[in-house]
Amino acid sequence: MSNKRNVTIGRSDLSVFPLSLGGNVFGWTADEQQSFAVLDAYAAGGGNFIDTADVYSAWVEGNSGGESETLIGKWLASRGNRDDIVVATKVGAHPDYKGLRASTVKSAVEESLRRLQTDHIDLYYTHYDDPETPVEEFLGALDQLVREGKVRQIGASNITAARLEEALAASEREGLARYEAIQPHYNLVSRDTYEGPLADAAARHGLSAMPYFALASGFLTGKYRPQGAAVQSARAAGAGKYLDDPRGPRVLAALDEVAAAHRVEPATVALAWLAAQPTVAAPIASARTVEQLPALLAVAGLELSADELEALDAASA
């Protein structure tokens, strides 16, 4: 289905589809049946890169965290396709395993492995930085997991440029596993959350970025419009706020124009813009229903021209 090849994460041996499927909706707005249908359709479309976290979805009443990992684990077990899928999860935000102390990381990973019904995690992110814990401590714990074969590669989500540099220097100095991936908040209406010192550090050290909120909570799908009908979505309030920023409608107009030229959805163009940015390997986007998937998967087949990228840059500046 795709004509864009898989991409390699950092200096690692992980080769992934250029769109990572976000697992935050599994066990939240998508039940087991819906989640399995989305996962099946993603894999059938050539996808092999699933992103989740141990905390998903502890914020939902009645949930305790780990619901997403549990559903993904059941799906992997029932489909017998563990070796075909690159599984990324995160540590540090689960209500019972907060922070990055070595003991916390070691306990949390066992829980994630159990829920995912696997003996290894392909990409393990520190979910949030833990300024109270020295980088050497959590990198030491992560390095041990890599040596034990429980984790293949490590990454950092929600980290500052200074702290990223500090962690990379420590890995180099101490001979520890090093971050190969970074997961920043980044999209066409939120560029300063990554561009600048953080993106520069990632580029300098050869890290790959997997941006989250790639579609700005759904805003960049084009379903939220000035004077538009109300959208039924768990994230509607968050996405609607972009309409109040003059950039929002400007970006939507630019997306519409490029999308019409390629006969694709605005979401596909927004993801293709991200995929074309320096350091970005695979934007993360989630789908609650199978119907939402084709527009996401289509990023693998869309290459934007220099003029189109420039027009989107200008609209989002």
Side-chain angles (χ1 to χ4, degrees), residues 20-32 35 39 49-77 82 85-135 137-146 148-160 163-164 167 177 179 181-185 210-213 217 234-235 238 284 286 288:
S20 177
L21 183 65
N24 58 324
V25 294
F26 303 144
W28 173 26
T29 54
D31 62 18
E32 182 170 327
S35 300
L39 286 159
F49 189 19
I50 299 169
D51 183 87
T52 187
D54 62 359
V55 70
Y56 299 163
S57 46
W59 58 85
V60 181
E61 202 176 327
N63 284 5
S64 54
E67 288 77 15
S68 171
E69 286 182 336
T70 299
L71 281 182
I72 292 165
K74 278 173 120 168
W75 177 75
L76 291 168
R82 176 65 187 94
I85 304 292
V86 175
V87 176
T89 191
K90 310 180 194 77
V91 61
H94 189 284
D96 299 335
Y97 302 98
K98 274 199 188 301
L100 300 175
R101 299 310 300 246
S103 57
T104 305
V105 171
K106 285 172 190 172
S107 304
V109 77
E110 297 303 334
E111 291 298 309
S112 286
L113 290 168
R114 179 182 60 76
R115 287 189 291 258
L116 289 163
Q117 299 189 42
T118 185
D119 61 357
H120 70 281
I121 289 159
D122 298 295
L123 178 57
Y124 201 37
Y125 290 99
T126 48
H127 202 156
Y128 295 93
D129 186 23
D130 175 3
E132 308 298 305
T133 304
V135 290
E137 180 175 340
F138 60 76
L139 287 170
L142 292 167
D143 179 74
Q144 193 182 332
L145 296 177
V146 171
E148 290 170 356
K150 290 176 180 175
V151 167
R152 285 175 67 190
Q153 302 289 343
I154 61 170
S157 181
N158 303 299
I159 194 169
T160 63
R163 188 74 160 169
L164 178 63
Y179 287 139
I182 184 166
Q183 192 174 123
H185 173 191
M210 268 56 75
Y212 69 86
F213 286 157
S217 301
R235 303 186 291 183
I284 301 164
S286 52
R288 194 170 36 85

Enter the distance from Thr89:OG1 to Ile72:CD1 here, rounded to the nearest 0.5 Å.
-> 7.5 Å
In chain order, what residues pass the ring-ring contact (aromatic ring centres under 6.0 Å, His included) check against Tyr97, with sequence neighbours excluded?
-> His94
Around atom NZ of Lys106, are there more than 12 heavy atoms of other residues, nucleotides or ligands at under 6.0 Å?
-> yes
Contact summary for Ile284 and Gly22, nearest pair of heavy atoms = CG2-CA, 3.7 Å
Spatial distance of atom CG (Leu113) from atom NZ (Lys150) [nearest 0.5 Å] = 7.0 Å
List the steps, then state whether side-chain contact (heavy atoms from CB on, under 4.5 Å) holds for Leu76 with Thr118.
-> CA-CA 9 Å; Leu76 291 168; Thr118 185; 5.6 Å; no
Compare every heavy atom of Thr133 with every heavy atom of Arg101, then report the nearest pair and how far apart it is.
-> CD-OG1, 3.1 Å
Identify the heavy atoms of Val105 and Leu100 that sit nearest to each other, and give their distance.
-> CG2-O, 3.8 Å
Side chain to side chain donor-acceptor pair (under 3.5 Å) assessment of Lys90 paired with Tyr56 | CA-CA 10 Å; Lys90 310 180 194 77; Tyr56 299 163; 3.2 Å; yes
Any idea which heavy atoms bring Gly27 and Ser35 closest together, and the distance?
-> N-OG, 4.0 Å
Does the side chain of Val55 reach to within under 4.5 Å of the side chain of Tyr128, using non-hydrogen atoms?
-> no
To the nearest 0.5 Å, tell me how far Leu142 CG sits from Gln153 CD.
-> 12.0 Å
Heavy-atom nearest pair, His127 first then Asn158, reads O-ND2, 2.8 Å
Asp143: what forms a side chain to side chain donor-acceptor pair (under 3.5 Å) with it, not counting sequence neighbours?
-> Arg147
Check Leu123, Val87, Leu21 against Phe49 for a side-chain contact (heavy atoms from CB on, under 4.5 Å) and give me the one that passes.
-> Leu123
How far apart are the closest heavy atoms of Ala167 and Tyr179, and which atoms are they?
-> CB-CE1, 3.7 Å
Using atom types as modelled and distance alone, determine if a side-chain donor or acceptor of Glu137 lies under 3.5 Å from a backbone N or O of Ala102.
-> yes
If only atom types and distance count, is the side chain of Arg114 paired as donor or acceptor with the main-chain N or O of Gln117 below 3.5 Å?
-> no
Would you call the rings of Trp59 and Trp28 parallel, tilted or perpendicular if under 30° counts as parallel and over 60° as perpendicular?
-> perpendicular
Scan for salt bridge (charged side-chain N to carboxylate O under 4.0 Å, His left out) pairs involving residues 54-67, sequence neighbours excluded, and state none if there are none.
-> none
Side chain to side chain donor-acceptor pair (under 3.5 Å) between Thr52 and Ser68, worked out = CA-CA 7 Å; Thr52 187; Ser68 171; 2.7 Å; yes
